Amino acid sequence: MPELPEVETTVRGLAPVLEGRRLARVGTRRADLRRAFPPDLRQRLTGARVTGLGRRAKYGLIATDRGDTMVFHLGMSGRWRIDPADLGPHDHLVLETEEGRALSLNDPRRFGSVDLVPTARLEEWPPFAALGPEPLGPGFTADYLLAALDGRAAPIKALLLDQRIVAGLGNIYVCEALHMAGIAPGRPAGRISRPRLERLVAAIRQVLLAAIEAGGSSLRDYARPSGELGYFSRQWRVYGREGESCHCGAPIRRRNDSGRSTFFCPRCQRL
DNA sequence: CCGACAACCTGACGGC
DNA sequence: TGCCGTCAGGTTGTCG
């Protein structure tokens with residue numbers, strides 16, 4: 001699902017509806033997502049005012065004036081719908097503002113989650129405590145990567161998917177960034193030269209920013225909160241394009257790495 | 001530390 | 001038209 005750009009797009013879409021607004025009604029339908037909703041979710045959110053929205057890794061953050069932050073993860077198939085005409089079986093949580101706007105968290109596969117975390121202790125919350133730096137933040141540099149990957153024999157692709165190394169990348173954007181940087185997905189991470197890591201950092205930033213700019217990628221069940229589709233999928237260089245020609249002319253290949261598809265160009269990504 | 005798998009769950013798609 | 005196998009953006013855990 002949704003990787004960092006899709007979550008960022010989602011949060012930006014929710015902000016105009018939620019920021020500064022009071023939650024007049026909170027409805028839960030089924031609570032058994034990846035984790036069960038906190039049992040007192042409705043009580044703690046109803047009547048609260050939203051003070052700000054944000055994102056950490058692939059998690060969306062909705063802070064309230066009660067000292068709690070609602071942290072949501074969209075899993076593979078989650079999305080927020082704005083003012084849905086009607087609710088279906090996969091609308092699990094509905095927030096209504098005083099203004100009468102409604103937001104529904106829709107997640108068919110239920111791999112997502114919703115938690116309430118004290119805002120002052122967000123960084124200590126277990127799922128956040130071990131996260132690596134934000135790829136778009138100042139801490140994500142070639143120096144950092146060099147140190148984080150030092151001595152690691154695992155393939156670079158696997159380590160870029162590890163949220164403890166860098167937080168927010170998923171299968172699509174890792175494939176895209178490795179192609180952009182000309183690095184073979186199977187290359188042992190600790191044996192990548194510093195200049196290549198500099199290219200990799202730049203490629204990761206570039207692909208994420210371009211995807212956010214485009215409103216995220218459009219896959220089967222991803223949509224912006226308003227219902228519009230994201231257009232970044234049209235810009236994929238390798239992901240989902242097995243057999244098509246890379247810009248260099250070589251056919252894009254696909255292989256399986258521990259259960260996940262890896263798309264790459266065997267000519268552009270040799271090192 | 002590493003790699004491979006499985007589990008969680010539903011829906012879309014291709015092949016027959 | 002329908003049935004069946006395969007695959008999908010993520011996370012977490014186990015096992016060897």
Side-chain angles (χ1 to χ4, degrees), chain A residues 1-11 29-37 55-60 71-80 88-92 105-115 125-132 135 148-178 185-191 204 207-208 211-212 214-225 229-236 238-243 254-263:
Chain A
M1 151 334 22
E3 304 180 35
L4 184 156
E6 289 72 36
V7 179
E8 183 65 32
T9 301
T10 296
V11 165
R29 311 183 87 228
R30 55 185 304 175
D32 57 330
L33 273 60
R34 172 171 196 76
R35 289 184 285 274
F37 290 157
R55 178 192 57 73
R56 174 76 171 110
K58 300 172 192 170
Y59 293 85
V71 184
F72 66 85
H73 194 291
L74 297 174
M76 293 276 262
S77 58
R79 63 187 180 121
W80 282 94
H90 305 309
D91 291 293
H92 309 306
L105 178 62
N106 184 284
D107 184 3
R109 293 176 74 178
R110 288 187 280 122
F111 286 2
S113 60
V114 175
D115 293 281
W125 185 53
F128 281 5
L131 287 178
L149 304 180
D150 182 47
R152 302 292 301 265
I156 182 64
K157 189 202 176 200
L159 292 192
L160 290 178
L161 286 172
D162 184 339
Q163 305 295 297
R164 295 170 297 188
I165 303 283
V166 56
L169 300 181
N171 204 35
I172 293 176
Y173 297 109
V174 164
C175 290
E176 293 296 303
L178 286 172
R187 178 129 184 111
R191 288 206 261 117
I204 288 170
V207 72
L208 294 178
I212 291 169
S217 294
S218 159
L219 246 57
R220 290 181 189 88
D221 46 3
Y222 175 71
R224 288 157 89 160
L229 294 176
Y231 288 100
F232 190 71
S233 58
R234 298 181 188 174
Q235 297 178 46
W236 289 341
V238 286
Y239 189 85
R241 301 186 54 189
E242 179 185 18
R254 167 197 189 133
R255 71 173 194 213
N256 192 290
D257 291 305
S258 50
R260 325 256 346 238
S261 285
T262 301
F263 296 90

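Hydrogens, waters and symmetry mates play no part in the numbers below; they use all other heavy atoms, side chains included. Being a predicted model, the structure only gives us computed values, none of them experimental. Convention: sequence-line order gives letters A, B, ...; per-chain numbering from 1.
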Residue pair A:R56 / A:A167: nearest heavy atoms and the distance that separates them: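 The answer is NH1-CB, 3.9 Å.
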Is the distance from OP1 or OP2 of [N] to the nearest side-chain N or O of [X] less than 4.0 Å?
| X | N | answer |
| --- | --- | --- |
| A:H90 | B:dC9 | no |
| A:R34 | C:dT12 | no |
| A:R110 | B:dT10 | yes |
| A:H73 | C:dG10 | no |
| A:S113 | C:dT11 | no |
| A:R164 | C:dT12 | no |

In whole angstroms, how far is the [atom2] atom of [N] from the [atom1] atom of [X]?
| X | N | atom1 | atom2 | value |
| --- | --- | --- | --- | --- |
| A:D162 | C:dT11 | CG | C1' | 11 Å |
| A:R109 | B:dA7 | CZ | C1' | 11 Å |
| A:I156 | B:dG3 | CD1 | P | 12 Å |
| A:F111 | B:dT10 | CZ | C1' | 8 Å |
| A:H92 | B:dT10 | NE2 | P | 9 Å |
| A:D107 | B:dT10 | CG | C1' | 10 Å |
| A:W125 | C:dT11 | CH2 | P | 11 Å |
| A:Y59 | C:dT11 | OH | C1' | 7 Å |

Distance-only donor-acceptor check, side chains A:R34 and A:S113, under 3.5 Å: no
B:dC9 and C:dG2, which share atom name C1', separated by this distance in whole Å: 23 Å
Heavy-atom neighbours of A:R255 CZ exceed 12 at 6.0 Å: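 It does: A:R255 CZ has more than 12 such atoms within range.
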A:R191 atom CZ, over 12 foreign heavy atoms within 6.0 Å: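 Atom CZ in A:R191 is not packed in, count stays at 12 or less.
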Donor-acceptor contact present, side-chain A:E176 to main-chain A:V238, <3.5 Å: yes
Sugar-phosphate only, base, or nothing, as touched by A:A158 at under 4.0 Å among non-hydrogen atoms: nothing
Sugar-phosphate, base or nothing in reach of A:P127, heavy atoms under 4.0 Å: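 Since no nucleic acid heavy atom lies under 4.0 Å of A:P127, the category is nothing.
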Residue mapping more 5' on DNA chain B - nearest nucleotide basis, A:L159 or A:G259: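 Checking each residue's closest nucleotide, the 5'-ward one belongs to A:L159.
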Can you identify which nucleotide, out of [options], has its nearest atom closest to the [X] side chain?
| X | options | result |
| --- | --- | --- |
| A:S261 | C:dA8, C:dT11, C:dG10 | C:dA8 |
| A:E3 | C:dC7, C:dG10, B:dG3 | C:dG10 |
| A:Y239 | C:dA8, B:dC2, C:dG10 | C:dA8 |

B:dG11 pairs with, by Watson-Crick or G-U criteria that keep both distances under 3.5 Å: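 For B:dG11, the partner nucleotide comes out as C:dC7, under the 3.5 Å rule.
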Ring geometry between A:Y173 and A:F232 (parallel below 30°, tilted from 30 to 60°, perpendicular above 60°):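 Geometry flag for A:Y173 against A:F232: tilted rings.
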